[in-house]
Amino acid sequence: MTQTIIALGAHIFDVQVLPVEAIPPGQDAVLVDQIRFSPAGTAAGTAITLAKLGAEVRTAGAVGTDPIGDLLLALLATHGVDTSLVLRRAEVQTSASVLPIRPDGSRPAFHVLGANLAYGPDDAPAAEIAHSTHLHLGAPELMGGDAAAQILAPARAAGVTTSADLLAAGEPGLFEWIAPALPHLDYLLPNEDQVVGLTGAATLEEGVRILLDKGAGCVAVTRGARGALVMTADTTMAVPAFAVDVVDTTGCGDAFSAGFLRGIGLGRPLREAAVLGCAAAALVAQGLGSDHGTFDLAVADGFAASTPTLEVN
C-alpha cells in the first residue's frame with residue numbers, strides 16, 4: 001500500500017557522546033567510547049524510520065544556511081528522505097543538541113532551538129500536503145496550536161490523515177497553547193510524562209481522556225520500558241515493550257511514532273500498529289542515535305514476532 005507522508009516541523013542535528021556519567025571539572029578531559037551525529041527531531045527523526053519501513057517520505061521545516069544544516073539535509077537524503085520542502089534560514093542556526101548518554105541509555109540534553117522557531121503556517125506546502133496521504137506534525141508547540149490548526153484543518157478537509165508528536169516537556173501552561181490543534185488530529189503521539197505534565201491529571205489514563213475530550217481522535221502514549229498505551233473514546237489497550245539491551249533512548253519516541261503511523265498506513269488495527277511502533281523503537285534503542293539500525297518492514301515484523309516482551313506494569 002502506497003503511503004506518502006509529509007513530516008513537518010522539528011529538524012534537529014544531534015551529537016551523541018557515550019558514555020557520560022558527569023561533566024569533568026575545570027579543564028579536565030575524559031575518554032569516551034563513541035561520539036557520533038545523526039538527524040533527529042520529531043519530524044526529521046520520525047521521517048528516517050518511516051522511510052526504512054517503506055513509506056514515501058518528504059520533510060518540511062526550516063534549517064539554517066550553516067554547515068550543520070547542509071549536513072543534516074545530506075544525512076536525511078542518505079536515508080531516502082526527500083528534503084526538497086525544507087526551507088533555509090540565513091538569520092538563525094540549524095537547531096542542534098549535544099546528548100551525553102549515560103551507561104543506562106538515558107540522557108539529558110543541551111539544545112539550541114534555532115531555525116525550528118522560524119517556521120509557521122504560511123511556510124507550509126499546502127498543495128503538496130493535500131496530495132499526500134498523511135501529514136505528521138513534529139512539535140506543533142513550537143508554532144502554537146492556533147498556527148498548527150491552520151495547517152491541519154485544510155489537510156483533513158482534503159482527506160489527509162493527520163498526526164502529531166510533541167518535543168517539549170509536559171508543562172501545564174503548554175496545554176492551552178497546543179489545545180486548538182487537537183480537534184484536527186487523528187492521532188496524537190506523546191510520551192507519558194508529557195501527558196501527565198500537560199494535563200495535570202492524577203493518572204495517565206485520566207490525562208489521555210482529557211486530550212480525547214479536547215478533540216484528538218486517538219492518543220498513543222509511549223511509556224519507555226512499559227511499552228505503549230493506546231486509547232480512543234471507546235478503546236483502551238496496553239502494548240508491551242520488547243526485551244532488548246538498551247544503549248541509547250534518543251529517537252525511540254520518534255521511532256515508535258514512525259512504526260505506529262506506518263502500521264496505520266498499511267491498514268493494520270491499532271494494536272498491531274502499536275506493536276510495530278514498539279518494534280521500531282526497540283530496534284533503534286540498541287545503538288546510538290535516532291538513525292541506528294539497518295532494518296525494513298519485514299525485519300521489524302520478524303523482530304516483533306520473535307522477540308520476548310517485558311511485563312506491562
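Keep in mind that what you see is a predicted model, and the values were worked out from it rather than measured.
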Asks: Name the atoms and distances for all side-chain donor-acceptor pairs under 3.5 Å in residues 232-240, with sequence neighbours left out.
Replies:
from: Thr232; atom 1: OG1; to: Asp234; atom 2: N; distance (Å): 3.2
from: Thr232; atom 1: OG1; to: Thr235; atom 2: N; distance (Å): 3.0

Asks: Keeping the roles fixed (side chain from Lys52, backbone from His79), state whether a donor-acceptor pair exists under 3.5 Å.
Replies: no
Asks: Does Arg36 pair with Asp248 as a salt bridge, N-O distance under 4.0 Å?
Replies: no
Asks: Distance-only, no hydrogens or angles: does the Arg88 side chain make a donor-acceptor pair with backbone N or O of Gly64 under 3.5 Å?
Replies: yes
Asks: State which residues pass side chain to side chain contact (heavy atoms under 4.5 Å, CB included) with Ile210; sequence neighbours excluded, sorted by chain then number.
Replies: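 Counting only residues at least two positions away or on another chain, Ile210 forms a side chain to side chain contact (heavy atoms under 4.5 Å, CB included) with Phe175, Thr199, Ala201.
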Asks: Side chain of Ser97, backbone of Ala109: donor and acceptor closer than 3.5 Å?
Replies: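 No, the answer is negative, given that no donor and acceptor are paired below the 3.5 Å cut-off.
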Asks: Within the distance-only criterion (no hydrogens, no angle test), does the side chain of Glu272 pair as donor or acceptor with the backbone N or O of Pro269 below 3.5 angstrom?
Replies: no
Asks: Tell me yes or no: between the side chains of Asp254 and Ser290, is some donor less than 3.5 Å from an acceptor?
Replies: no
Asks: Are Tyr119 and Val86 linked, directly or through other ILVMFWY residues, by side chains that come within less than 4.5 angstrom of each other?
Replies: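 As far as the 4.5 Å side-chain criterion goes, Val86 and Tyr119 are not connected within one cluster.
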Asks: Say whether, by atom type as modelled, one donor and one acceptor occur between the side chain of Thr4 and the main chain of Thr133 under 3.5 angstrom.
Replies: yes
Asks: If you measure only the distance, is there a donor-acceptor pair under 3.5 Å linking the side chains of Gln16 and Ser38?
Replies: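 A donor-acceptor contact under 3.5 Å links the two side chains.
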Asks: Measure from the side-chain N and O atoms of Glu141 to the backbone N and O of Ala168, and report whether any donor-acceptor pair falls under 3.5 Å.
Replies: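 Judged by distance alone, yes, a pair lies under 3.5 Å.
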Asks: Does any N or O in the side chain of Asp33 come within less than 3.5 Å of the main-chain N or O of Leu18, such that one atom is a donor and the other an acceptor?
Replies: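 Absent.
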Asks: Donor-acceptor pair, His134 side chain versus Thr162 backbone, under 3.5 Å?
Replies: no
Asks: Where the side chain of Thr222 meets the backbone of Ala228, is there a donor-acceptor pair that is under 3.5 Å apart?
Replies: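 Such a contact is absent between Thr222 side chain and Ala228 backbone.
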Asks: Between Arg89 and Asp123, does at least one N-O distance fall below 4.0 Å, as a salt bridge requires?
Replies: yes
Asks: Could you check if a side-chain atom of Ile35 sits within less than 4.5 angstrom of a side-chain atom of Val15, using non-hydrogen atoms only?
Replies: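 Touching, per the 4.5 Å side-chain cut-off.
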Asks: Consider only side-chain N and O atoms of Thr59 and His11, and report whether a donor and an acceptor are under 3.5 Å apart.
Replies: yes
Asks: Please lay out, stage by stage, how Ser257 and Thr42 fare under the test side chain to side chain contact (heavy atoms under 4.5 Å, CB included).
Replies: CA-CA 9 Å; Ser257 295; Thr42 42; over 6 Å; no
Asks: Can you tell me if Asp66 and Thr94 form a side-chain donor-acceptor pair at under 3.5 Å?
Replies: yes
